[in-house]
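When reading the values below, keep in mind they use all heavy atoms of this one structure, side chains included, and skip hydrogens, waters and symmetry mates.
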Amino acid sequence: MRPLTETETKTFFEKLAKYIGRNITHLIDRGDETFCFRLHRDRVYYVSEDVMKRATNVGRDQLISIGVCFGKFTKTGKFRLHVTCLDYIAQYAKHKVWIKPNGEMPFLYGNHIVKAHIGRVTEDTPEHQGVIVYSMTDVPLGFGVTARSTSDTRKLQPTAIVVFHQADIGEYLRQEDTLF
């Protein structure tokens, strides 16, 4: 377990800023306790400093996980967000998409969101912007990337893809063996 290097921090924060923008500061500068990001086996964890200090008593080989896993670095150096960080990202999301009940199951099975399944969209959402996907009852279901801007979405056919799937809460069941 170690702090992120300069390039790792830059890559990680660029990916996180795609979803929550400047609200990244709210994750680090919390009023209740000091939190930080740490790297362990190519995975970035969000952990309180108190827990991090206690984890130094555990050897690297024995330490499986610490805190909340925000994602992992690929072999090519890119960062991929995991669905385990959804609760933290959903609090500070800039752009949101709400899907109708008939579109929830296809999204939770790993499919992209089509226009017919969209209930609401945050105004002025640009193209290729990270969005949090909610059910109509405001339950965060996952996150994705917009295929079109909000203004372009209105002109599309009902079967056109509006949001590309990135991660959803159904991954716990589909990829149970590879998440940890």
Side-chain angles (χ1 to χ4, degrees), residues 8 10-27 37 42-46 65 67-180:
E8 291 169 342
K10 183 178 182 236
T11 304
F12 172 63
F13 282 161
E14 283 175 356
K15 184 68 152 190
L16 205 55
K18 195 173 188 179
Y19 293 93
I20 63 176
R22 295 193 180 274
N23 292 333
I24 294 172
T25 57
H26 296 299
L27 289 174
F37 293 102
D42 294 332
R43 298 181 192 274
V44 176
Y45 292 96
Y46 181 62
S65 175
V68 176
C69 181
F70 261 58
K72 72 178 271 184
F73 282 99
T74 62
K75 292 179 182 178
T76 59
K78 295 180 181 177
F79 187 78
R80 181 165 167 81
L81 282 172
H82 283 186
V83 71
T84 51
C85 70
L86 180 63
D87 291 336
Y88 293 96
I89 291 178
Q91 294 175 24
Y92 305 112
K94 290 173 41 178
H95 303 285
K96 302 174 183 178
V97 172
W98 288 266
I99 56 176
K100 296 176 185 174
N102 63 342
E104 289 179 16
M105 288 311 291
F107 179 72
L108 293 177
Y109 283 132
N111 297 321
H112 302 307
I113 300 174
V114 295
K115 183 184 177 195
H117 292 156
I118 292 207
R120 294 185 301 183
V121 179
T122 307
E123 286 299 319
D124 299 327
T125 302
E127 187 175 1
H128 303 298
Q129 177 66 45
V131 292
I132 305 300
V133 179
Y134 286 90
S135 68
M136 291 304 281
T137 57
D138 286 332
V139 175
L141 299 175
F143 46 89
V145 176
T146 56
R148 306 288 173 103
S149 65
T150 306
S151 58
D152 292 343
T153 302
R154 293 186 180 105
K155 303 170 192 169
L156 295 176
Q157 297 291 325
T159 58
I161 295 174
V162 177
V163 177
F164 295 119
H165 177 274
Q166 294 291 311
D168 63 79
I169 56 177
E171 283 185 26
Y172 282 117
L173 299 174
R174 290 195 311 273
Q175 298 176 356
E176 186 175 2
D177 56 340
T178 61
L179 274 178
F180 299 105

Per-pair distances, 0.1 Å, donor-acceptor, side chain in residues 155-164, under 3.5 Å, sequence neighbours excluded:
none

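- Using a 4.5 Å cut-off on side-chain heavy atoms (C-beta onward), L27 and F70 make contact.
- Residues forming a salt bridge (charged side-chain N to carboxylate O under 4.0 Å, His left out) with R154 (at least two apart in sequence, or on another chain): E123.
- Legend: side chain to side chain donor-acceptor pair (under 3.5 Å) pairs involving residues 126-138, not counting sequence neighbours, sorted by first then second residue: W98-D138, S135-T137.
- For Y92, the ring pair (Phe, Tyr, Trp, His ring centres under 6.0 Å) test picks out H26, with sequence neighbours left out.
- The backbone N or O of T150 sits nowhere less than 3.5 Å from a side-chain atom of T125 that would complete a donor-acceptor pair.
- Scanning for side-chain contact (heavy atoms from CB on, under 4.5 Å) contacts around N102 gives K100, H117, with sequence neighbours left out.
- For K78, the side-chain contact (heavy atoms from CB on, under 4.5 Å) test picks out T74, T76, with sequence neighbours left out.
- The side chain to side chain donor-acceptor pair (under 3.5 Å) check on S149 picks up S151, D152, with sequence neighbours excluded.
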For a quick test of your reading: what N or O donor-acceptor pairs under 3.5 Å do the side chains of residues 12-20 make, sequence neighbours left out?
none

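- Under the salt bridge (charged side-chain N to carboxylate O under 4.0 Å, His left out) criterion, E104 pairs with no residue at all, not counting sequence neighbours.
- Residues satisfying the salt bridge (charged side-chain N to carboxylate O under 4.0 Å, His left out) criterion with K72, sequence neighbours excluded, are absent altogether.
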